[in-house]
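Counting from 1, the numbers follow the sequence of the chain as shown.
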Amino acid sequence: MFHRLLFLLPGILLGCKVAFAASDKDPKCPEGYYPGVTVTEGQYTVPFERMYNLTGSFFHAYWYNQANTSNSGEDNTVGATRAGDTEGFAFEERLVRVFKDDAEAMIAYVGEIPIQFPDPSGGKVVSYLSYTEELRLISICGGTATLVHMWVVYCGDDVVHA
């Protein structure tokens, strides 16, 4: 799931600084799997409210190159779930945190089923057991632009790819 954003946002890879307490929001990797983190960030000359209207729904993630096939619960409410397909890979996700005020919004969710991605270089298929994604929008530049920050913590079976 985390690779979806890599081609949507011009990003940079940053160091791992995870502030989650141990829980379902912070996946613990079992033996044979390795922790990984991907951080993507970009600034857009779009006011915060407009960006939030485009990206702030857990159920309506069309902007994220995914097609939801089912949703349950109430949109943007902790415990809501979504399932669907992105680039040919099935996913099931559960919302674990949500926050919004006049200048910042955050949505975080966990992957509920294992996913597999083929190595782009033609190597082995890499399996990911669990992942947590967090999308944060922050109003910047006096409200004329938005900082979009997304990070993903995951467990993969290949230390090189994790």
Side-chain angles (χ1 to χ4, degrees), residues 1-29 35-87 89-115 117 128-156 162:
M1 304 300 88
F2 53 89
H3 73 286
R4 295 177 289 194
L5 195 60
L6 294 178
F7 67 91
L8 293 175
L9 300 177
I12 56 174
L13 188 62
L14 301 174
C16 177
K17 184 176 181 182
V18 179
F20 279 159
S23 70
D24 66 348
K25 300 170 197 158
D26 180 13
K28 180 177 179 175
C29 298
V37 74
T38 300
V39 178
T40 307
E41 191 170 78
Q43 174 185 328
Y44 297 87
T45 310
V46 176
F48 169 78
E49 280 299 324
R50 182 161 180 229
M51 183 67 83
Y52 179 79
N53 289 339
L54 294 171
T55 63
S57 169
F58 182 62
F59 288 167
H60 304 289
Y62 56 87
W63 65 273
Y64 200 32
N65 195 35
Q66 72 184 36
N68 291 8
T69 55
S70 67
N71 299 313
S72 68
E74 185 177 332
D75 194 14
N76 290 349
T77 301
V78 170
T81 63
R82 66 183 179 192
D85 177 83
T86 182
E87 299 178 33
F89 300 100
F91 66 88
E92 293 178 15
E93 297 170 334
R94 178 175 42 88
L95 188 61
V96 294
R97 288 189 320 228
V98 64
F99 166 82
K100 182 182 183 300
D101 65 19
D102 292 340
E104 185 174 359
M106 182 271 299
I107 188 169
Y109 43 91
V110 296
E112 298 284 316
I113 61 172
I115 55 175
F117 294 104
Y128 296 94
L129 285 184
S130 59
Y131 57 91
T132 300
E133 292 186 357
E134 179 180 293
L135 172 66
R136 189 173 295 266
L137 307 175
I138 302 168
S139 180
I140 58 173
C141 302
T144 61
T146 304
L147 174 69
V148 178
H149 178 85
M150 182 160 203
W151 64 270
V152 186
V153 177
Y154 47 89
C155 296

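- The shortest distance between side-chain heavy atoms of H149 and V39 falls below 4.5 Å.
- E92 contributes atom CD, which lies 8.5 Å from atom OG1 of T69 (distance to the nearest 0.5 angstrom).
- G111 and E93 get closest at one heavy-atom pair: CA-CG, 4.3 Å.
- Side-chain N or O atoms of T38 include none that pairs as donor or acceptor with a backbone N or O of V152 at under 3.5 Å.
- Pairs engaging residues 56-65 under the salt bridge (Lys or Arg N to Asp or Glu O under 4.0 Å) rule: none recorded [sequence neighbours left out].
- Shown here for I140 and T146, the closest heavy-atom pair between the two residues is CG1-N, 3.9 Å.
- Here the OH atom belonging to Y154 is positioned 11.0 Å from the CD atom belonging to E133, to the nearest 0.5 angstrom.
- Summarising the geometry, atom OG1 belonging to T77 is positioned 7.5 Å from atom CZ belonging to F59; distances are rounded to the nearest 0.5 Å.
- Evaluation of the side chain to side chain donor-acceptor pair (under 3.5 Å) rule for N76 yields no partner, not counting sequence neighbours.
- The distance from atom OG of S57 to atom CG of N68, rounded to the nearest 0.5 Å, is 8.5 Å.
- Considering CD1 of I113 and OH of Y131, their distance stands at 7.5 Å, rounded to 0.5 Å.
- Relative orientation of the F58 and Y109 rings is tilted, given thresholds of 30° and 60° on the angle between their planes.
- Listed by first then second residue, pairs satisfying salt bridge (Lys or Arg N to Asp or Glu O under 4.0 Å) with a partner in residues 60-81 number zero, not counting sequence neighbours.
- The two residues Y44 and M51 have their closest heavy-atom pair at CB-CE, 3.6 Å.
- Atom CG of D101 has more than 12 heavy atoms from other residues, nucleotides or ligands within 6.0 Å.
- The stretch residues 136-149 participates, sequence neighbours left out, in these salt bridge (Lys or Arg N to Asp or Glu O under 4.0 Å) pairs: E104-R136, E134-R136.
- A donor-acceptor pair under 3.5 Å is absent between the side-chain atoms of T132 and the main chain of V153, judged by distance alone.
- Once rounded to the nearest 0.5 Å, the distance linking CD1 of I138 with CE of M106 reads 11.0 Å.
- Contact between L137 and F48 at its shortest, heavy atoms only, is O-CE1, 3.6 Å.
- Residues passing the side chain to side chain contact (heavy atoms under 4.5 Å, CB included) test with T81 are S72, R94, sequence neighbours excluded.
- Sorted by first and then second residue, the salt bridge (Lys or Arg N to Asp or Glu O under 4.0 Å) pairs involving residues 49-68 (not counting sequence neighbours) are E49-K100.
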